[in-house]
Amino acid sequence: MSDRPEELSDLVIEVVDSIPAGRVMTFGAIADYLGRGGPRGVAGVMARHGPEVAWWRVVRADGTLPPYLMFDAQPHWLIEGTPIRHGIVDVRRALWQPDE
DNA sequence: CGTGTGACTGGGC
DNA sequence: GGCCCAGCCACAC
């Protein structure tokens, strides 16, 4: 089959947009699911297209986000009922995979 | 086409 | 639990 070098941006955005409320995915998990880009590649997409997606549903492997986003992310996690532990996302419980 | 940088990650101290 | 370092991939200049 023809693997078209579809833009990583569109692929990442599509995955993020498919994450249900109350769940999250790590940068590495998204990269691993797509099999391309790597965590840095996903990060680059979020940095550029973050505002147009549910950016608060994409967190680091330890369930945190950069300080400037942690502040705005809190209410989103609270409203969506995202599993929180010590003020940060409990990735062990909140992590979601498209295969489900 | 080489270099630098980033919303990352895991391992070591 | 924290900080530091090296590896990683895509993109901008």
Side-chain angles (χ1 to χ4, degrees):
Chain A
M1 298 89 66
S2 54
D3 298 291
R4 262 234 317 263
E6 247 178 290
E7 211 163 291
L8 183 64
S9 309
D10 291 339
L11 295 174
V12 174
I13 290 171
E14 188 172 5
V15 175
V16 175
D17 190 57
S18 70
I19 302 174
R23 291 282 184 272
V24 301
M25 272 186 90
T26 66
F27 293 88
I30 295 172
D32 183 62
Y33 174 70
L34 294 175
R36 312 218 173 241
R40 304 308 300 256
V42 176
V45 175
M46 293 305 292
R48 197 179 136 82
H49 298 271
E52 61 185 83
V53 297
W55 55 266
W56 59 90
R57 293 179 189 160
V58 182
V59 301
R60 290 182 173 177
D62 63 351
T64 65
L65 279 176
Y68 69 95
L69 288 179
M70 285 294 286
F71 189 81
D72 288 345
Q74 300 283 341
H76 283 294
W77 293 334
L78 183 62
I79 293 170
E80 299 188 350
T82 307
I84 302 296
R85 180 89 170 179
H86 296 291
I88 66 175
V89 176
D90 185 348
V91 180
R92 302 244 260 185
R93 292 198 296 163
L95 185 60
W96 177 79
Q97 302 176 187
D99 296 307
E100 288 187 61

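Every chain is numbered from 1 and lettered A, B, ... according to where its sequence line falls, protein lines coming before strand lines.
- Applying the side chain to side chain donor-acceptor pair (under 3.5 Å) rule to pairs touching residues 64-78 of chain A yields A:D62-A:T64, sequence neighbours excluded.
- Here the CZ atom belonging to A:R23 is positioned 8.0 Å from the OG1 atom belonging to A:T82, to the nearest 0.5 angstrom.
- Proximity of A:L8 to A:L34: side-chain heavy atoms (C-beta onward) are separated by under 4.5 Å at one or more points.
- Of the residues near DNA chain C, A:G38 and A:H86, the one whose nearest nucleotide (by heavy atom distance) lies more toward the 5' end is A:H86.
- Nucleotide C:dC11 holds its P atom 6 Å from the CD atom of A:E7, rounded to whole Å.
- Tested against A:V16 for a side chain to side chain contact (heavy atoms under 4.5 Å, CB included), the candidates A:E52, A:M46, A:M25 yield a single pass: A:M46.
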- Query: Tell me, for nucleotides 6-13 of chain B in 5' to 3' order, what letter each nucleotide earns: B for a base near a protein heavy atom under 4.0 Å, S for only sugar-phosphate near one, - for neither?
  - Reply: BBBSS---
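- Listed by first then second residue, pairs satisfying salt bridge (charged side-chain N to carboxylate O under 4.0 Å, His left out) with a partner in residues 82-91 of chain A read A:D90-A:R93, not counting sequence neighbours.
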